[in-house]
Amino acid sequence: MNVLHVASEVAPFSKTGGLGDVASALPKAQAQLGAQVTVVSALYGSIQATALGLAKRLRTFDVPVGDTTYKVGLFEGSLPGSGPRVPIYFIDHPLFSERPGIYGPPDRPGEDYPDSALRFALLSRAALTLAQELDWRPQVVHGHDWQTAMALYYTKMGALEPVPATVMTVHNLLFKGLCSLETAQKLGVQPEHLSLSGVEFYGQAALIKAGLMFADRVTTVSPNYAREIRTAEFGYGLEGVMQSLGSKLSGILNGADYERWSPWLDPYLPARYGAAPTSTEQLSDADWATLMAGKARCKSELQRELGLPQRLKTPLLATISRLTDQKGIDLIIDFLEQELPETGERSDFQYAIIGVGDPAFEQRLKMLASRYPARLAVRLGYDEALSHRVEAGADFFIMPSRFEPCGLNQLYSMRYGTLPIVRAIGGLLDTVVDYDPRSRSGTGFAFSSYDSVALLSAVRRALATYHGDAGSFISLQRRAMRADFSWSSSAKAYLSIYQQAI
Ligand code: ADP
Ligand code: GLC
C-alpha cells in the first residue's frame, strides 16, 4: 500500500501541538506494518535543515495553484526512529522559509499569517506534484486538518493519475481555514463547489470542507470525539456536515510514540526509570520501588530547575499546554487563585505550568507565579526538552479541557507514572479510567462538569490518594504505566480505512 501523508507540522522538525507528534508517529507505525509511506511538509524558517540531517535536492519544480504557478525547491530527510525508513520531503518556498512561525508570528500566539490559505494550498498542491515528479503513485492521499484538506480536493479533481483514494483526519474542528470565497476560487476551488455542498460556510469558505465534503473517508482522533462533533456543543457549526457524513466518519484513537515518550529511554531526563510493561508485571513492590527511584530524582531536579523548594513529599502538579480556551486554562487559573492562598495539608502542592498562547492567560499565570513563587512555577514558551522533564518529574498532570479531540499528554503522563487528572470528554474519556478505590481500578482521575469546583474536587481526590496508603497510590501508578496506547492497533485501523476508501 502506497500512502502519501501531507501535514503542516511533523515532529521533531516542526511542532506546535499533537498534530506534529501524530504526523510523525503514524507514518512510522504504518511503515512497520509494511506500507510504503511518504510524508510531505513545509520547510519553515524555524527548521534547521542541516542540523536535522536534511539534504537539499537540486531539482526545483512548478506547482500550479489556481491560475498561478509557484516554483518550489525540495529538501529530503527521514523520520527518526527505528524500523523501516520513512522518507519525508519538505517543500521549500519563501512563503514558508521566510516566515519564522509555522502558522503565524511567534510573538503573537493564536494569530495566523493573513495568507495562510494560500500557503497551505501551495503545500497541498506541491505534495501531489512531487509524487508525480518522483514518479511515485500513492494509492491513498491522507490529509490532516484544514491546512492539507485541499490536497484531497485537488486529488479528487484529478491532480494525479490514476486518481488515488483520499482520507481526511480531523485533529481539531475548531480550526476551519476560513477565507473569502474569492480566495478559495483563486486557489482552484471550482465555481460549483463554492456552495454549501462544497466549501461554503456562512458566506465564507472553510477550507476544512474541501476535505470533509470530498474525501472518501473522514476520521477523527478518538471514537468519543467522532460522536461529539455530531452535536452543536462540539461541532462548532459543522455538526450538520458531520451528521451528513454518516458511516464515512469514524474515530480512531491516537497512539503514543513510545520510542520518544518512555521514561526508561528518554534522553532528556536527569535519571531514567521504569521499564517496558511486559517486564514489570511480576515485580515485587521492593523491586518496583528500585526501578522507580529515578522518578524521585527527576522530581527533585525539576523542582530545582524551576526554582521550587526541593520537597519530595509535596505533590507536584503539572500542565504542559497551548494556553488557549480549548485547554481549560481559565479553570486552572480559578483553581490556583482559590488554592494558592490556602495553607492546610489538603491544599499543600506545587504546580508547574509550561505553555504559550493567549496573552491574557500568560499574564495572569505570571502574576500568580510571582505572588506564590514557592508554589507555582510558570515557564512561558515552547520547550520540548523541558516538557519531557516535566512529564517525568511531576506526580499529577492536569488537563481540564473544554474539548479535546484526543490529547496526547495524558497518554505520555500515564507512561511516566504521572497520574492524569482530566475532564471526561473527547479522547480524555476514551483513555483515562477514573480511579475507584473500592474496586482498585482506574488509571487517573476524571471529572465531568466544566467548572473549577469539579476540578478542585478531582484534585482533592488525587491528593488524598497520594497522601493515603502508599499501596493504593503505587498500584494506581503501576496500572497507569502499564496502560498500552502504542500505535500498532490504530495504525492497522487506518490501513483498513484506506482499504475501504480504495
Ligand atoms: P494539542 O495538539 O491540542 O495541543 P495534545 O495533547 O494532542 O494537544 O498535544 C500537545 C503536544 O504539544 C504534546 O506533545 C505536548 O507535550 C506539546 N506541548 C504543548 N505545549 C508545549 C510547550 N509549551 N512546550 C513543549 N511542548 C508543548
Ligand atoms: C489536536 C487536538 C488534540 C489531538 C492532536 C493530535 O491538536 O487538540 O486533542 O491529540 O490534535 O491528534
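Remember, it's 1-based here, ligands and their atoms both numbered in the order they're listed.
- Regarding atom 8 (O) of ligand 2, its nearest protein heavy-atom neighbour is Gln326 NE2, 3.0 Å.
- Of all the listed residues (Asn254, Val221, Leu173), Asn254 holds the heavy atom that lies closest to atom 6 (C) of ligand 2.
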Check each N or O atom of ligand 1 against all protein N or O atoms and list the pairs under 3.5 Å, with atom names and distances to 0.1 Å, one per line.
{"residue": "ligand 1", "atom": "2 (O)", "partner": "Gly18", "partner atom": "N", "Å": "2.6"}
{"residue": "ligand 1", "atom": "3 (O)", "partner": "Arg322", "partner atom": "NH2", "Å": "2.8"}
{"residue": "ligand 1", "atom": "3 (O)", "partner": "Lys327", "partner atom": "NZ", "Å": "2.7"}
{"residue": "ligand 1", "atom": "4 (O)", "partner": "Arg322", "partner atom": "NE", "Å": "2.8"}
{"residue": "ligand 1", "atom": "6 (O)", "partner": "Leu408", "partner atom": "N", "Å": "2.8"}
{"residue": "ligand 1", "atom": "7 (O)", "partner": "Leu408", "partner atom": "N", "Å": "3.4"}
{"residue": "ligand 1", "atom": "8 (O)", "partner": "Lys327", "partner atom": "NZ", "Å": "3.0"}
{"residue": "ligand 1", "atom": "9 (O)", "partner": "Gly18", "partner atom": "N", "Å": "3.1"}
{"residue": "ligand 1", "atom": "14 (O)", "partner": "Lys15", "partner atom": "NZ", "Å": "2.8"}
{"residue": "ligand 1", "atom": "14 (O)", "partner": "Asp21", "partner atom": "OD2", "Å": "3.0"}
{"residue": "ligand 1", "atom": "16 (O)", "partner": "Asn409", "partner atom": "ND2", "Å": "3.1"}
{"residue": "ligand 1", "atom": "23 (N)", "partner": "Gly381", "partner atom": "O", "Å": "2.8"}
{"residue": "ligand 1", "atom": "24 (N)", "partner": "Asp383", "partner atom": "N", "Å": "3.0"}

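- Summary of contacts: the protein heavy atom closest to atom 3 (C) of ligand 2 is Glu404 OE2, 3.4 Å.
- Close approach of ligand 2 to Val22 is summarised as follows: ligand atoms under 4.0 Å from at least one heavy atom of the residue are 6 (C), 12 (O).
- Between His142 and Thr169, the side chains place a donor N or O and an acceptor N or O closer than 3.5 Å (distance only, hydrogens not considered).
- A salt bridge is absent between Glu305 and Arg379; no separation between the charged side-chain nitrogens and carboxylate oxygens falls under 4.0 Å.
- Annotation: atom 2 (C) of ligand 2 to nearest protein heavy atom, His171 O, 3.2 Å.
- Atom CD of Glu111 is surrounded by more than 12 heavy atoms from other residues, nucleotides or ligands within 6.0 Å.
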Please tabulate, for the side chains in residues 246-257, all donor-acceptor contacts under 3.5 angstrom to protein atoms that are two or more places apart in sequence or on a different chain.
{"residue": "Lys248", "atom": "NZ", "partner": "Ala215", "partner atom": "O", "Å": "3.3"}
{"residue": "Asp257", "atom": "OD1", "partner": "Glu259", "partner atom": "N", "Å": "3.1"}
{"residue": "Asp257", "atom": "OD2", "partner": "Lys28", "partner atom": "NZ", "Å": "3.1"}

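- Between the side chains of Tyr268 and Ser387, not a single donor N or O lies within less than 3.5 Å of an accepting N or O.
- The option from Gly407, Gly427, Gly18 that lies nearest to atom 10 (O) of ligand 2, judged by heavy atoms, is Gly407.
- A salt bridge between Glu337 and Arg364 is present, with a side-chain N of the basic residue lying under 4.0 Å from a carboxylate O of the acidic one.
- We find the OG-OH distance between Ser41 and Tyr89 to be 14.0 Å, quoted to the nearest 0.5 Å.
- No salt bridge links Asp395 with Lys295; every basic N to acidic carboxylate O contact stays at or beyond 4.0 Å.
- Under the 6.0 Å distance and 45° angle rule, Arg119 does not count as a cation-pi partner of Tyr113.
- Using a 4.0 Å cut-off between heavy atoms, Asn172 contacts ligand 2 through its side chain alone, with no backbone atom that close.
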